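Some notes on the structure that comes next.
A note on names: the letters A, B, ... follow the listed sequences, proteins ahead of strands, and every chain is numbered from 1. Every heavy atom of this structure was used, including side-chain atoms; hydrogens, water molecules and symmetry mates were not. As the structure is a computational prediction, the values presented were derived from the model and not from experiment.
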Protein chains: 2
Amino acid sequence: METKFGERLKDIRLHYKIWLSDDKETGIMGDGKWQMLKLIDEKGSMKAACDELGYTYRRTWGNLKKIEKFFGFPLLEKQRGGIDGGHTTLTEEGKRLVKAFDTFHDTVDSRIQQGFDRFIQELNQ
Amino acid sequence: METKFGERLKDIRLHYKIWLSDDKETGIMGDGKWQMLKLIDEKGSMKAACDELGYTYRRTWGNLKKIEKFFGFPLLEKQRGGIDGGHTTLTEEGKRLVKAFDTFHDTVDSRIQQGFDRFIQELNQ
DNA sequence: TTTCGATATGTTTATTTTTGCATATCGATA
DNA sequence: TATCGATATGCAAAAATAAACATATCGAAA
């Protein structure tokens, strides 16, 4: 550790968030919703996904509604009732959206990590 | 516009934030502080920088204090009093930190934009 | 030695976000 | 047709953030 920074650099953690909005700054897609949509499709249930991610159902429901309002068509295939109460999965469009965001992250994640590594390295010398 | 998404894609704006924290999740550096530090150094004044960026002095002062507390040494060279009230610039370490974050952004910005462009393109076909 | 504007900081008030609570709906299955 | 658990949604409570307000301090220059 050659520089003054050296001491603390190992305690620094990287965070980043990518999100999309319309011109009214309404968040229409982002890391949180992306993760949530993936998990809903995997679990087949909004409630199960919320429980696992630690978000309230109320909040998630409201957020996802905003995305659909923006696009004007459903991303979620919701079913109420039945012995198990109901279930939710993604529509074709929902899946496409998630997949496109997957690709987005594949494109940027490693580069951001690389940028961070260089940042630390630069402060170290 | 071949897909259902087509209609709305042109209204989508990209946003992202990169920040660093310690293990207690205290924000120790990020896009906001980066911008602020640059402007303080440029203007030679915290107040002037706050006014220009639209942040309150109180808030900025508190935030910057946190960074210095984390690193354990000053990033800002502050002078009080004098005919013009005082001024603030960056210490050598402050400049190094800003410069390293500049490099970080140079590394990632274009890639993120590229990822976004691909995202839109993918939804368009 | 008075002045003036920026820095310094505690306290309080507003705003914004989230959470929590309550209650209604739905419908396959027992 | 009664049940059960997830979806649907309004509303109030609370928690987290930010803005405002109020002073105090500092020190070069007039």
Side-chain angles (χ1 to χ4, degrees), chain A residues 15 17 19 21 24-33 35-37 39-70 73-91 94, chain B residues 15 17 19 21-22 24-33 35-70 73-91 94:
Chain A
H15 303 265
K17 275 186 72 171
W19 73 99
S21 75
K24 283 169 308 218
E25 299 302 301
T26 307
I28 54 177
M29 185 62 180
D31 293 340
K33 296 185 183 74
Q35 200 184 180
M36 179 59 77
L37 288 171
L39 197 57
I40 287 172
D41 205 41
E42 187 187 317
K43 298 252 170 194
S45 157
M46 272 181 63
K47 182 174 189 305
C50 292
D51 288 349
E52 179 156 330
L53 293 178
Y55 291 105
T56 61
Y57 179 89
R58 186 68 187 76
R59 173 186 176 187
T60 298
W61 178 85
N63 282 160
L64 296 180
K65 189 147 195 173
K66 280 184 203 163
I67 312 186
E68 294 188 324
K69 188 179 173 193
F70 172 80
F73 51 82
L75 301 170
L76 297 167
E77 189 90 52
K78 297 165 174 184
Q79 320 239 281
R80 302 206 302 179
I83 188 63
D84 58 355
H87 43 94
T88 301
T89 51
L90 298 186
T91 59
Chain B
H15 304 265
K17 276 185 70 170
W19 74 98
S21 76
D22 63 9
K24 282 169 308 215
E25 298 303 299
T26 307
I28 54 177
M29 185 63 178
D31 292 340
K33 296 185 182 73
Q35 200 184 180
M36 180 59 76
L37 288 171
K38 285 168 91 91
L39 197 58
I40 287 172
D41 204 41
E42 186 188 318
K43 298 253 170 193
S45 157
M46 271 181 63
K47 183 174 189 307
C50 291
D51 288 349
E52 180 156 330
L53 293 178
Y55 291 105
T56 61
Y57 178 89
R58 186 69 187 74
R59 174 187 175 186
T60 298
W61 178 85
N63 282 159
L64 296 180
K65 189 147 195 175
K66 281 183 205 164
I67 312 186
E68 295 188 323
K69 187 179 175 193
F70 172 79
F73 50 81
L75 300 169
L76 296 166
E77 189 89 53
K78 297 164 173 185
Q79 321 238 283
R80 302 207 301 179
I83 189 61
D84 58 356
H87 43 94
T88 301
T89 51
L90 298 185
T91 59

Start with the C-alpha gap between F73(B) and E68(B), add the side-chain angles, then the distance that decides, and say whether side chain to side chain contact (heavy atoms under 4.5 Å, CB included) holds.
CA-CA 6 Å; F73(B) 50 81; E68(B) 295 188 323; over 6 Å; no
Nearest-Å distance for atom pair OH/P, residues Y57(A) and dG10(D):
13 Å
Can C50(A) and T60(A) be said to form a side chain to side chain contact (heavy atoms under 4.5 Å, CB included), step by step?
CA-CA 7 Å; C50(A) 292; T60(A) 298; 3.4 Å; yes
Let me have a per-nucleotide readout for nucleotides 20-30 of chain D, 5' to 3', with B, S or -, counting only protein heavy atoms under 4.0 Å.
B----BBBBS-
Rounded to whole Å, CG of L64(A) lies from P of dA6(D) at a distance of 17 Å
Hey, can you pull the residues of residues 39-50 of chain A with a non-hydrogen atom under 4.0 angstrom from DNA chain C?
none
How many angstroms lie between atom CG of D41(A) and atom OG1 of T91(A), to the nearest 0.5 angstrom?
9.0 Å
When rounded to whole Å, the NZ to P distance for the pair K78(B) and dT7(C) reads 9 Å
Once rounded to the nearest 0.5 Å, what's the spacing between atom CD1 of I28(A) and atom NZ of K33(A)?
9.0 Å
Gap separating the NE2 atom of H15(B) from the CG atom of D31(B), nearest 0.5 angstrom:
13.0 Å
Rounded to the nearest 0.5 Å, what separation is found between the CD1 atom of I40(A) and the CD atom of Q35(A)?
11.0 Å
Measuring to OP1 and OP2 of dT9(C), would you say a side-chain N or O of K65(B) lies under 4.0 angstrom away?
yes
For atom CG of N63(B) and atom C1' of dA8(C), their distance in whole Å
15 Å
Separation of dT9(C) P from E68(B) CD (nearest whole Å)
11 Å
Please report the distance, rounded to the nearest Å, between CZ in R59(A) and C1' in dT16(C).
13 Å
Atom CG of L76(B) and atom P of dA6(C): how far apart are they, to the nearest Å?
17 Å
With sugar-phosphate meaning primed atoms plus P, OP1 and OP2, does Y55(A) contact a base, only sugar-phosphate, or nothing at under 4.0 Å between heavy atoms?
nothing
Who pairs with E52(B) by side-chain contact (heavy atoms from CB on, under 4.5 Å), at least two apart in sequence or on another chain?
L39(B), K43(B)
Evaluate side chain to side chain contact (heavy atoms under 4.5 Å, CB included) for W61(B) paired with M46(B), printing each intermediate quantity in order.
CA-CA 8 Å; W61(B) 178 85; M46(B) 271 181 63; 3.8 Å; yes
Please report the closest heavy-atom contact between L90(B) and L76(B), naming both atoms and the distance.
CD2-CD2, 3.4 Å
Just the rounded figure in Å: distance from P of dA6(C) to CD of E77(B).
19 Å
